[in-house]
Q: 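Sending over a structure as structure tokens; questions will come in a sec.
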Amino acid sequence: MRRKYGIAGAFLTAMLALAACGGGGGTTGGNPLESTSAAPTGSASGGGKAVIGSFDFDESVLLASIYAQALEAKGVQVEEKPRIGSREAVYDQVKSGGLTIVPEYNGNLLAFIDLKATAATTDEVNTALKEKLPAELEVLDSSPAEDKDSLSISKDTQTKQSLTTIEDLAKVSKTMVVGGPPEFKKRWETRFKEVYGLEFKEWKPTGPTTADALKDGTIQVGNVFTTDPKMTANNLVPLEDPKNIFPAQNVVPLLHKASANDTIKTTLNGVSAKLTTESLLEMMQKISVNKDEPATVAKEWLTTNGLG
């Protein structure tokens with residue numbers, strides 16, 4: 001997912017967004033949101049209750065599992081809703097209370113709710129988020145762990161075209177096919193043109209196969225997250241971003257404020273304090289390369305860090 005300015009674009013209609021993610025996760029093979037009823041209350045007995053959702057990519061599923069298992073260890077009753085879909089589908093569910101928590105990326109979240117956002121650093125982004133989020137929502141402490149969007153190319157393309165920065169890409173972009181998530185063109189096309197003058201020959205919805213499409217030459221430029229293990233495995237090169245079109249992308253819990261009690265908030269802040277970019281990349285390598293289950297990898301990390 002990412003990824004990856006980041007996630008900026010008009011909301012899709014709720015019905016279209018939810019239909020697009022049907023079958024993306026859940027044990028029944030249907031829409032993972034269908035069994036969600038009333039919003040959980042943060043004042044429930046014991047540690048409270050929480051419904052935790054995730055976007056439709058492995059890293060989000062991993063982070064949601066880390067949150068879920070950490071909360072369960074503190075006595076919170078947790079229901080997971082994995083692989084719901086894109087931000088367009090998930091955001092409104094948190095805002096309405098259908099979901100209590102979703103692992104987010106601060107820069108992409110800000111760009112999603114404020115099309116004109118210019119904040120770039122972690123502090124700038126977090127400050128802007130607190131000002132722009134609606135009253136129903138809250139972000140907790142951001143993690144040092146960061147998974148940034150990139151425009152990446154193959155090492156071979158870099159050598160042939162002498163490309164180092166996204167700015168360099170402008171001179172050849174009209175001859176290139178670019179790939180990314182299904183919503184990539186809608187979210188990015190205008191901003192790429194405004195900031196860097198990029199116009200591509202074609203936009204392809206390559207989704208989770210973007211890194212492989214770069215390797216085999218199906219596309220020449222791709223939106224690949226910087227913690228994607230295939231960045232190294234496929235010999236890909238993220239282009240430098242001198243104009244900061246991609247803001248800070250720190251992992252941060254997004255909450256439905258009324259549904260999250262102090263136990264939930266304190267526990268998730270404790271998780272964020274220990275999550276680093278290096279540990280996130282290591283966990284993603286276990287999932288992508290070793291084919292370990294996200295829940296298993298999450299449990300190992302929590303145990304190692306005294307949070308399980």
Q: If you measure from the Lys or Arg side-chain nitrogens to the Asp or Glu carboxylate oxygens, is any gap between Glu300 and Lys286 under 4.0 Å?
A: yes
Q: Are side-chain heavy atoms of Leu236 and Lys230 found at a separation under 4.5 Å?
A: no
Q: Look only at the side chain of Lys243 and the backbone of Val195, and say whether a donor-acceptor pair between them is shorter than 3.5 Å.
A: yes
Q: Assess whether a salt bridge exists between Arg87 and Glu104, defined as any Lys/Arg side-chain N lying under 4.0 Å from an Asp/Glu carboxylate O.
A: yes
Q: Would you kindly confirm whether Val251 and Leu133 end up in one hydrophobic cluster when ILVMFWY residues are joined by side chain heavy atoms under 4.5 Å apart?
A: yes
Q: Please identify each residue that fulfils ring pair (Phe, Tyr, Trp, His ring centres under 6.0 Å) with Tyr196, with sequence neighbours left out.
A: none
Q: Does a side-chain N-to-carboxylate-O contact under 4.0 Å join Glu79 and Lys81?
A: yes
Q: Taking everything shown except Lys201 itself, do over 12 heavy atoms lie less than 6.0 Å from its NZ?
A: no
Q: Carefully, step by step, assess Glu138 and Leu140 under the rule side-chain contact (heavy atoms from CB on, under 4.5 Å).
A: CA-CA 7 Å; Glu138 177 181 8; Leu140 300 182; 4.0 Å; yes
Q: Cut-off 3.5 Å, side chains only: do Asp216 and Thr218 have a donor facing an acceptor?
A: yes
Q: Using a 3.5 Å distance criterion without hydrogens, assess whether the side chain of Ser279 forms a donor-acceptor pair with backbone atoms of Leu275.
A: no
Q: List the atom of Ile52, the atom of Leu99, and the distance in Å for their closest heavy-atom pair.
A: C-CD2, 4.4 Å
Q: Determine whether the side chains of Glu80 and Ser65 contain a donor N or O and an acceptor N or O closer than 3.5 Å.
A: no
Q: Spell out, as yes or no, whether a donor-acceptor pair under 3.5 Å connects the side chain of Asp114 to the backbone of Lys116.
A: yes
Q: Side chains of Asn108 and Gln249: do they bring a donor and an acceptor to under 3.5 Å?
A: yes
Q: Inspect the contact between Asp58 and Arg83 and indicate whether a charged nitrogen and a carboxylate oxygen are less than 4.0 angstrom apart.
A: yes
Q: Out of curiosity, Lys148 NZ to Thr277 OG1, how far, rounded to the nearest 0.5 Å?
A: 10.5 Å
Q: Only pairs at least two apart or in different chains count here, so list each ring pair (Phe, Tyr, Trp, His ring centres under 6.0 Å) that has a residue in residues 199-218.
A: Phe184-Trp203, Phe200-Trp203
Q: Just to verify, what does Lys274 make a salt bridge (Lys or Arg N to Asp or Glu O under 4.0 Å) with, not counting sequence neighbours?
A: none
Q: Closer than 4.0 angstrom, basic N to acidic O: yes or no for Arg187 and Glu88?
A: yes
Q: State, without any angle test, whether Ser142 and Asn126 hold a side-chain donor-acceptor pair at a distance under 3.5 Å.
A: yes
Q: Does atom NZ of Lys171 have more than 12 heavy-atom neighbours from other groups under 6.0 Å away?
A: yes
